[in-house]
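Heads up: the structure comes next, in structure tokens.
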Amino acid sequence: MVEVHDETNRFEQGNVLVGALEKLLSEWGENRRGVGVIVVTDDAIRARNRADRNQDETTDVLSYPTMEPDDVGMPVIDHLGDIFISLDTAERQAISSGHALLNEVLVLAAHGLTHLIGHDHPNAAAWRPFRAAERRILQLAGCLP
């Protein structure tokens, strides 16, 4: 189950985001696990980035897994985690890239979700699952053929 909380009161396509993320979770075999998506302003994400990562700057997306994946047999928790998306940054990036705001938010959500299932991108090769998820969510939302 995916829940979207729009703290900006400006993102009007939360239902599309929920549907696409739930389809992606289902394809990944994670459809029984929940995800929260919180849509915030640049100020809010900067404050969170400063407090949680000691980086005093805005960013487009932050992911907070409920628990870190490991190999020690810990029980699976029903909630994967939360994804924070700055709508202000998403708007600027969408304009800069020449595509719709919805597309940018979908890509950022897929990126965040990929982090929640345990991936990171320390090198070029590690970006592959992120790029695949970003493309797939656009397909699932009907934004790409």
Side-chain angles (χ1 to χ4, degrees), residues 1-42 44-46 48-49 51-53 55 57-145:
M1 176 180 184
V2 175
E3 292 185 40
V4 174
H5 303 281
D6 180 10
E7 294 183 1
T8 70
N9 294 314
R10 297 188 341 248
F11 184 63
E12 299 176 356
Q13 295 174 297
N15 59 332
V16 176
L17 177 59
V18 167
L21 278 172
E22 286 182 347
K23 289 176 187 174
L24 190 58
L25 282 165
S26 182
E27 285 187 2
W28 290 353
E30 298 285 354
N31 54 316
R32 294 180 184 259
R33 300 183 71 194
V35 172
V37 180
I38 302 90
V39 180
V40 298
T41 63
D42 272 352
I45 209 162
R46 181 178 186 162
R48 186 165 279 283
N49 203 18
D52 299 338
R53 300 178 66 232
Q55 295 188 19
E57 60 190 20
T58 60
T59 188
D60 50 6
V61 62
L62 291 171
S63 298
Y64 293 87
T66 301
M67 64 177 274
E68 294 292 327
D70 61 32
D71 295 324
V72 296
M74 296 297 292
V76 174
I77 295 174
D78 289 339
H79 186 75
L80 275 171
D82 296 311
I83 302 165
F84 286 76
I85 296 173
S86 170
L87 194 62
D88 299 329
T89 299
E91 287 171 337
R92 287 192 304 276
Q93 290 176 176
I95 290 167
S96 175
S97 298
H99 57 248
L101 175 60
L102 174 61
N103 290 34
E104 189 68 24
V105 171
L106 287 165
V107 164
L108 294 174
H111 185 99
L113 185 61
T114 307
H115 277 296
L116 291 183
I117 65 166
H119 291 280
D120 204 357
H121 40 72
N123 56 51
W127 276 91
R128 285 189 202 115
F130 290 88
R131 296 297 179 230
E134 292 164 3
R135 179 168 177 74
R136 185 63 183 143
I137 200 167
L138 290 171
Q139 291 170 330
L140 291 170
C143 300
L144 284 180

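All figures in this text were calculated on a predicted structure; none of them were measured in a lab.
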Residue pair Ala141 / Val16: nearest heavy atoms and the distance that separates them: CB-CG1, 4.2 Å
Which residues share a ring pair (Phe, Tyr, Trp, His ring centres under 6.0 Å) with Trp28, sequence neighbours left out: none
Greater than 12 external heavy atoms within 6.0 Å of Glu57's CD: yes
Close side-chain approach of Glu134 to Thr114, heavy-atom, < 4.5 Å: no
Donor-acceptor pair, side chain of Ser86 and main chain of Asp60, under 3.5 angstrom: no
From CD (Glu3) to CD1 (Ile38), nearest 0.5 Å: 9.5 Å
Contacts of Asp42 that satisfy salt bridge (Lys or Arg N to Asp or Glu O under 4.0 Å) - sequence neighbours left out: Arg92
Closest contact, heavy atoms only, Leu116 versus Ser63: CD2-CB, 4.0 Å
Close side-chain approach of Leu80 to Ile117, heavy-atom, < 4.5 Å: yes
Verdict with reasoning, Val35 to Ile83, per side-chain contact (heavy atoms from CB on, under 4.5 Å): CA-CA 8 Å; Val35 172; Ile83 302 165; 3.9 Å; yes
Pairwise side-chain contact, Phe11 with Leu17, heavy-atom cut-off 4.5 Å (strictly under): yes
Ring centre gap for His115 and Phe130 strictly below 6.0 Å: yes
Exercise: identify the closest heavy-atom pair between Ala126 and Pro129: O-CD, 3.3 Å
Arg10 atom CZ, neighbour heavy-atom count above 12 within 6.0 Å: yes
Student check: side-chain heavy atoms of Thr58 and Asn49 closer than 4.5 Å: no
Main-chain N/O of Val2 paired with Glu22 side-chain donor or acceptor, under 3.5 Å: yes
Side-chain donor/acceptor pairs under 3.5 Å, residues 99-107, sequence neighbours excluded:
unit_1	atom_1	unit_2	atom_2	d
His99	NE2	Glu104	OE1	2.7
Glu104	OE2	Gln93	NE2	2.6

Side-chain touch Thr59/Thr89, heavy atoms, less than 4.5 angstrom: no
Thr8 and Asp6: side chain donor to acceptor below 3.5 Å: yes
4.5 Å side-chain heavy-atom contact, Leu24 and Leu113: yes
4.5 Å side-chain heavy-atom contact, Leu62 and Asp52: no
Steps toward side-chain contact (heavy atoms from CB on, under 4.5 Å) verdict (Leu21, Val37): CA-CA 10 Å; Leu21 278 172; Val37 180; 3.7 Å; yes
Separation of Gln55 CD from Arg48 CZ (nearest 0.5 Å): 14.5 Å
Residue pair Arg33 / Leu25: nearest heavy atoms and the distance that separates them: O-CD1, 4.1 Å
Heavy-atom side-chain proximity of Leu140 to Glu27 below 4.5 angstrom: yes
side-chain contact (heavy atoms from CB on, under 4.5 Å) between Arg135 and Leu144, worked out: CA-CA 8 Å; Arg135 179 168 177 74; Leu144 284 180; 3.4 Å; yes
Exercise: identify the closest heavy-atom pair between Ser26 and Asn31: CA-CB, 3.6 Å
Check against ring-ring contact (aromatic ring centres under 6.0 Å, His included), His119 and Trp127: CA-CA 9 Å; His119 291 280; Trp127 276 91; over 10 Å; no
